[in-house]
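FYI, the numbering just counts along the sequence from 1. Computed over heavy atoms, backbone and side chain alike; hydrogens, waters and symmetry mates excluded. First listed ligand is number 1; within each ligand, the first listed atom is number 1.
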Amino acid sequence: MRKEVILITGANGEIGHGLIEHLGKSGEANIIAIDVQPIDEALLPYCERFIQGDILDNMLLGRLVAEFDIRTIFHLASILSTKAEYNPEAAHKVNVEGTLNLLRLAVDQSSWQGRAVKFLYPSSIAAYGLLSLEKKNEAGKVKEWEWNTPITMYGCNKLYCEHLGRYYSYHYRQLAADQVKNTVDFRCLRFPGLISSVTIPTGGTSDYGPEMLHAAAQGKPYKCFVRPDARLPFMVMPDAIKSLLLLENAPKENLKHLVYNVTSFSPTAEEIYQRVKKAFPQADISFEPHLARQKIVDTWPADVDDSAACRDWGWKPDYDEERAFNDYLIPSIRARYSKRPASSALN
Ligand code: SER
C-alpha cells in the first residue's frame, strides 16, 4: 500500500512555511515537501519527507507517483514578480512548465486512485494589469474577470496557469477515445501581498510592506521602493493559510468558480509606515521610489472584490488592518527579533 500524503512544492517559501507549520501542528496530514533550497530545519519535524529538488525534474516527480498516494497538491513554488523580470524566460520555465509538470502528476495520481486529486494554486493580484494610475484609482474593488492584462512575466504566468488549471479540470485530452473526466480538482486563490511575522518574501513587488516592518524591528534602515501614496491589498499569513484550507475543504458543488480573489485590508505605503513608526519610533525609513517597480504596483489593483469567495465557501479574514498589526505582526515580530542577536536576524 502506498502512503496517503499531501504534496507541498515551494516548501521553504513564505506560504510553505506557514502551511507546513499549521498542518504539521494539527498532525492531520502526512506532508511530502519539495523545494530547490534546503528546508528550514524548524519545519523538518512536520514533514514525512523533505526532498531538495526541482519541479522541472520529471524523474523526481515520477518517483513520487510510484511511492505515494497524493490526495492534495499545494503547488506553491514560483519565482515572484520582481525577480522574474531579471530573467523572464527562466521564470516562465519555473512558473509555467513547473505548474504543467505538477498538473500532469495530478492526472497520473488520479488515474491510480480513481478519484480527482485536489490541486491548490496560489495566483496573485499580479494577474491584473490596470492600464494607468488613473484607471487604478477609479477601479474600486476589481472582480476576478476584470483587467486581466498583466504587464509582468510573473503575472502572465499566473494568469495562464489559471487557464491551465481549467483545461486540466475540464478539457484535458478532449479528443482522446479514452478521455477520463474529473482527474484534477483545481482550486485557485488570487492572493494580495502577504505579510508574515516569521519570514520575509524574496523577489516580490509587494515586499516593501513586510520589508519595512522587519527592518524596523531589527533597527535596520530601510528605503521604501514605492511612493507613499502607493496602495495595494494585503493579508497576513494566518489568513492566507486559512483561505487555502477553507478552499481545500469546501464542498465541490459549492464552488461556482475555479479562481477566487481573497483580501483583507488595503493600506498605502504611508499608512504602513505610520503603523511601523508608531510601534518602532526609532525606525529609520525613507521613501526612494524605484520607477520601474512603482510602475508595476501602479498596474495592480488597490482593492479586489472577494465576494464570490465569501459567498461560495464562507471566506472571511480574521485580521483586519488594526488586528493584523496590533495583535499579530507587531507583537510576534518584536518577540522574534528580541530573542536573536541582530546579526542572525532575517536568516
Ligand atoms: N507578492 C507577489 C509579488 O510581489 C505578488 O503575488 O510578486
Legend entry - Glu144 versus Tyr260, side-chain donor and acceptor atoms under 3.5 Å: no

Inset, instruction - Tell me which part of Ala126 gets within contact of ligand 1: side chain, backbone, both or neither, using heavy atoms under 4.0 Å. - result: neither

Inset, instruction - State whether Lys252 and Asp185 are salt-bridged, where the test is any N-O pair (Lys NZ or Arg NE/NH1/NH2 against Asp/Glu carboxylate O) under 4.0 Å. - result: yes

Legend entry - For Ser124, atoms of ligand 1 separated by under 4.0 Å from a heavy atom: 5 (C), 6 (O)

Legend entry - Under 4.0 Å to a heavy atom of Leu80 - the qualifying atoms of ligand 1, by number: 7 (O)

Inset, instruction - For ligand 1, find out whether one of its N or O atoms is nearer than 3.5 Å to an N or O atom of Ser81. - result: yes

Inset, instruction - Look at Arg71 together with Glu248 and state whether they make a salt bridge at an N to O cut-off of under 4.0 Å. - result: yes

Inset, instruction - Compute the shortest N/O to N/O distance between Thr82 and ligand 1 and return yes if it is under 3.5 Å, no if not. - result: no

Legend entry - Thr205: numbered ligand 1 atoms lying under 4.0 Å from its heavy atoms: 3 (C), 4 (O), 7 (O)

Legend entry - ligand 1-proximal atoms of Phe234, by part, heavy-atom distance under 4.0 Å: neither

Legend entry - Check: Tyr273 ring centroid to Phe287 ring centroid under 6.0 Å: yes

Inset, instruction - Identify whether the distance between the nearest side-chain nitrogen and carboxylate oxygen of Glu146 and Lys141 falls below 4.0 Å. - result: no

Inset, instruction - Compute the centroid of each ring, for Tyr160 and then for His163, and state whether the two points are separated by less than 6.0 Å. - result: no

Legend entry - Electrostatic pair Glu321:Arg275 at N-O distance under 4.0 angstrom: yes

Legend entry - Which segment of Phe191 sits under 4.0 Å of ligand 1 when only heavy atoms are counted: neither

Legend entry - Nearest protein heavy atom with distance in Å, relative to atom 2 (C) of ligand 1: Ser206 OG, 3.9 Å

